[in-house]
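Here is the structure we will look at, set down as structure tokens.
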Amino acid sequence: YNNFINCSIVIKIMKKFLLTFLFILALGGNAFATMNEVKKIRLLVEDPSDRPCNVTRESIEITTKYILSNSKLKITEDYNDPYLYIQPIILEGTTVCFGALAIFLKKSHMLKDGSYNSGDFIYYYNNTAILKSGKDRFKGYFTESLEEEIKKFVVEWSEYNKWKNYFLSF
């Protein structure tokens, strides 16, 4: 009898979790729909600290700016514009390096009620695969992965804007 009660409780919890997940997923679809409003972005690259595996913030910025310069997105310094946040996660071992890459397009919002509460609206999120390589080859692999992920972002941004412009032409 106790096992039956425990099973029914677990099933109820799983149903609530599933419904919550589906609700969040439905809201997430609407979040991406507004990416077509974005025309200018700032660039914010987290410092990988102490040059692990020879990857620097400057090399990440140069690679990203080069790819973005070939798109219709404009890079700005205006704090009110959304920002492309690049988070390199790099661990250096004695002979190998491990890394991952998270890319967000988000915008910070401050509530206007005087409470100083703030939050981020996320337009885009991508967390790429974990890389593992010897120290001498890691920077090349990491840069290659970064280029691919930034290109994916630009293509997705372009697709949203293409559809918006298509429907506005009617």
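Throughout, residue positions are numbered sequentially from 1 according to the sequence presented.
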How about [X] and [Y]: do any of their side-chain heavy atoms sit closer than 4.5 Å?
X: Lys39; Y: Lys74; value: no
X: Val154; Y: Asn70; value: no
X: Pro88; Y: Ile60; value: yes
X: Phe138; Y: Ile90; value: yes

| query | Distance from Ile150 atom CD1 to Ile86 atom CD1, nearest 0.5 Å? | reply | 4.0 Å
| field | salt_bridge(Arg42, Glu77) N-O dist < 4.0 Å | value | no
| message | Keeping Trp157 on the side-chain end and Val38 on the backbone end, is there a donor-acceptor pair under 3.5 Å? | response | yes
| Which residue pairs satisfy the salt bridge (charged side-chain N to carboxylate O under 4.0 Å, His left out) criterion with at least one member in residues 56-73, sequence neighbours excluded? | none
| request: Output every pair passing ring pair (Phe, Tyr, Trp, His ring centres under 6.0 Å) with a member in residues 55-84, not counting sequence neighbours, ordered by first then second residue. | output: none
| What about Tyr160 and Phe121, same hydrophobic cluster or not, with Ile/Leu/Val/Met/Phe/Trp/Tyr joined at side-chain heavy-atom distances under 4.5 Å? | yes
| said: Using a 6.0 Å distance limit plus a 45 degree cone around the ring axis, check whether Lys139 lies over the aromatic ring of Phe142. | reply: no
| task | Answer yes or no: are there more than 12 heavy-atom neighbours, outside Lys152 itself, under 6.0 Å from its atom NZ? | result | yes
